[in-house]
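Read the structure below first, then the notes.
If you're wondering where the values come from, they're calculated on a predicted model, not measured in any experiment. These values consider heavy atoms only, across backbone and side chains, with no hydrogens, waters or symmetry-generated copies.
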Amino acid sequence: MPYFETITGPSMGQRITLTRDQYVLGRHPECDIVLEDSSVSRQHAKAIKVPAGYAIEDMNSRNGTIVNGTLIQGRAPLHNGDMVRICDIELAYYDDIQPSDIKVPGQDERSSGMGIIFVDDEEEEDGSYVQTVKLDARSGSQFGIQLTASAEMKLSAILEIMQSLGKTVELDRVLPKVLDSLFTIFIQADRGFIILKDETGALAPRWTKTRRPDQEELIRVSRTVLREVMQTKEAIISLDASSDQRFDGSQSMADFRIRSMIIAPLLNSEGEPIGAIQIDSLQQKGGFEQKDLEILIAVANQAGIAIENAQLHERVVEQKLVEQDLELAKQVQLAFLPKELPKVPGYSFFKYYNPAQQIGGDYFDFLELDGNRLAVILADVVGHGVAAAMFMAKLSAETRFAFGSIVDPRKAMAHLNDRITALEAERFITMTAMILDKATHRATIVIAGHMPPIKFDKDGGITEPGSEIGGPPLGIMSDIEFDSCETELLLGESLTLYTDGIFEAPNAEGQQYSIARVREAIENAKGNVQKAGDQVIAEVLQHIVGCEQEDDMCLVIMGRDT
C-alpha cells in the first residue's frame, strides 16, 4: 500500500499510509497531512490518486513543491522512492516497497542528512549488547583518551586531522572533513554519519558519507543507542551489530547488513553532548576492533570542539546579517518619514522619532494639502519591530492617498480605516490627524483610538481638544464614521501629539513617565515649541536611564509663534 515517510522535520520517521483519493498537505491544522513549518503555505500541495499510484500537485503555494530536486509545475506523478520537498520538510514516497530497496534520488556522500531515518528500537531490560565495549569519552589526556600502542601508528594521521579541524570555522566544511578523515583512518568503514542537536534539543541528521555509490540507500539510525551514548557520554563499539539484541525490534542493522559499528558522542568545550558520530562496516571479516574505539573518541572529541566553534561562528555571521538587514530596513523606514519640518510662516514645529528596536511601528507625517492646508498626522501600529515597521510602510502610503485625495478629514479617516481593515493583517493602528488651515489658523482634529492632542492655551492652561470625539482604532472593522472637532491656534498656542512609548516609558522601579509629566513640560515651556519638545524628551530619557526602551517613541508639536 502506498505511503509517505517523513525524512526531515518535526515528524521525522512518521509513516502516512495513503488510502483515499486525495490528501491535502499544508500548515493548516485541518489539512489531511499537517506540516509544522511556518514557511509552508496553509494549503500547500495535494496528493491525488491516479491509475499508476499517486501524483503530487502544487496548490499555488508561496515557495513551491519540489520533487527529486525539481520545482514542479502543476501535477507530477510519483514513483517508488521519489523525494517530495516542501520548504524544509522532506517526504519519501513508497509504493509498498521497503525503504532498504529504494535509492534516494540525487543523494551523494556530501548530502546533509538526506535519507536518514530515526528508529525507536525496543530496549532490552538488561541493556546488553552482543560483543559490546564501552569507553568513557571524557577521560584521559588532551584528546579525551590515552592512545594505546596499537593505535600509535595512526597518531600522525589523527594529529593532522585535529590540526585541520582547528583551522575550519564553517560547519558545512567541518562535518565532511570529520567523515573524510575517518574514512581515511578506517579503511573498513562503509558508511558514516553525524547527528547534531537542533535548537529545540531534538536529534537531527547533518551529514552522511558512503564508501561506494551503490551504498547510497536510506540509513536507519537507532535513536535508542544515540540517546544512551549522549546521556552516558560513553562511546560504544558493537563487534557484531547484525545480531545485537538492541536492534531486534526494528531490524535497523539487519536491514543494511551492518556487521560492526562504532558510535561516539560529540561533546562541547563544557563536556556536554551536542550530537554523535557513527561509522559502520558491512564486512563480515576485517571489521572494527576494540582499539578503534579509542581512535574514534580522539577524533570525536576534537570534532565536537570544532563543531561547537563552527556553530558559534555561524551564529555570529547570522547575527551580523540580521543586523545588516535591520540597518537597511531602518534606512528604508526613515525614508517614509519626513526629513524636514514644514515651513509655514508664523509657525514652529518639533519632531522626535526613536524606535525601541532598530525599526518600529510609530509613524508621523506632514502633508501639504490643497486649499492652503497642512495635515499633521501621528499614528502607532500595535507592537514594534519588523512586523510593525512593515505595516507602518503600508500605512504611510495609504495615509498620503486618503488625506491627499479626500477633502473632508472625517471621510479620509474612514477611507483609510476601510483600506487597513481590508488587509486582514490582524493588527490595529491608533491615529490622530490635525488639518491646519493656514489662513484661518483653525485645526480640524480627527481621532482613531489615539490620545487627543495636548493644547497649550495663551492663558497658560492645558486642554485636550478632541477628547470627546475619538473613534475606534484603524483596522478593527470597516464602515466606521468618524467625528471631528475644531480648535483655533492663537499666538503662542501649540498642539502636541505623542505615542504611548513616551508616557508609558518605565524606569528601573517600573514607574511610568506619565501623561501628567508630558503636560507639565508643555505648560512649563509656555508655548515655546522647541523648548517643550526638548524638555519632554530629555526627561523621558533621564527617566529610563539604566533600562531598555520598551516601546517606540514619537513626539510631534505644532505651535503658532508669538
Let me see the working for I195 and R206 under side-chain contact (heavy atoms from CB on, under 4.5 Å), right down to the final yes or no.
CA-CA 6 Å; I195 303 291; R206 288 302 304 266; over 6 Å; no
Between T70 and N68, does the side chain to side chain donor-acceptor pair (under 3.5 Å) criterion hold? Intermediate values first, please.
CA-CA 6 Å; T70 301; N68 297 336; over 6 Å; no
Apply side-chain contact (heavy atoms from CB on, under 4.5 Å) to the pair E228 and E234, showing each step before the final yes or no.
CA-CA 8 Å; E228 178 170 341; E234 293 179 331; 5.7 Å; no
Determine whether Y93 and L18 satisfy the following criterion, side-chain contact (heavy atoms from CB on, under 4.5 Å), listing intermediate values before the conclusion.
CA-CA 10 Å; Y93 171 79; L18 304 178; 3.9 Å; yes
For I277 and L182: C-alpha separation, side-chain torsions, deciding distance, then whether side-chain contact (heavy atoms from CB on, under 4.5 Å) applies.
CA-CA 10 Å; I277 184 170; L182 291 175; 3.2 Å; yes
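At least one side-chain heavy atom of S269 sits less than 4.5 Å from a side-chain heavy atom of E308.
Formation of a donor-acceptor pair under 3.5 Å by the S396 side chain with backbone atoms of M392 is not found in this model. Between the side chain of E548 and the backbone N or O of E550 there is no donor-acceptor pair closer than 3.5 Å. No side-chain donor-acceptor contact under 3.5 Å links Q549 to the backbone of G501. Between the side chain of H44 and the backbone N or O of V24 there is no donor-acceptor pair closer than 3.5 Å. Side-chain N or O atoms of N80 include one that pairs as donor or acceptor with a backbone N or O of D95 at under 3.5 Å. R85 places no side-chain N or O within 3.5 Å of a backbone atom of E90 that could act as its donor or acceptor partner. Between the side chain of D58 and the backbone N or O of T65 there is at least one donor-acceptor pair closer than 3.5 Å. Distance alone, capped at 3.5 Å, places no donor-acceptor pair between the D500 side chain and the E504 backbone. In terms of modelled atom types and a separation under 3.5 Å, the side chain of T6 and the main chain of Q14 share a donor-acceptor contact.
Taking all atoms of both residues into account, the shortest heavy-atom contact from E5 to R15 is OE1-NH2, 3.9 Å. The two residues Y23 and I33 make their nearest non-hydrogen contact at CB-CD1, 4.2 Å. Heavy atoms only, all atoms of each residue included: A55 and R75 are closest at CB-CG, 3.7 Å. The two residues A45 and I56 make their nearest non-hydrogen contact at CB-CD1, 4.3 Å. Nearest heavy-atom pair, L266 versus A300, reported as atom, atom and distance to 0.1 Å: CD2-O, 3.5 Å. Contact record, A276 with M230: CB-CG, 4.4 Å, taken as the closest heavy-atom pair.
Here the CG atom belonging to L423 is positioned 6.5 Å from the CD atom belonging to E398, to the nearest 0.5 angstrom. The CD atom of E57 lies 12.0 Å from the CG atom of L25; values are rounded to the nearest 0.5 Å. In this structure, D292 CG and S281 OG are separated by 10.5 Å, a value rounded to the nearest 0.5 Å. With rounding to the nearest 0.5 Å, the separation of CD1 in I429 from CG in D362 is 11.5 Å. Here M261 contributes atom CE and L296 contributes atom CG; the two are 10.5 Å apart, rounded to the nearest 0.5 Å. Remark: F4 CZ to L91 CG distance equals 6.0 Å, nearest 0.5 Å.
For the 3.5 Å distance criterion, the side chains of S61 and N63 fail to qualify, holding no donor opposite an acceptor. A donor and an acceptor atom, one from each side chain of Q278 and D280, are located under 3.5 Å apart.
The side-chain tip of R427 does not point at the ring of F391 from less than 6.0 angstrom away and within 45° of straight on. Cation-pi geometry between K209 and F183 is satisfied (NZ or CZ under 6.0 Å from the ring centre, within 45° of the ring normal).
Annotation: E36, atom CD; neighbour count of heavy atoms from other residues, nucleotides and ligands within 6.0 Å does not exceed 12.
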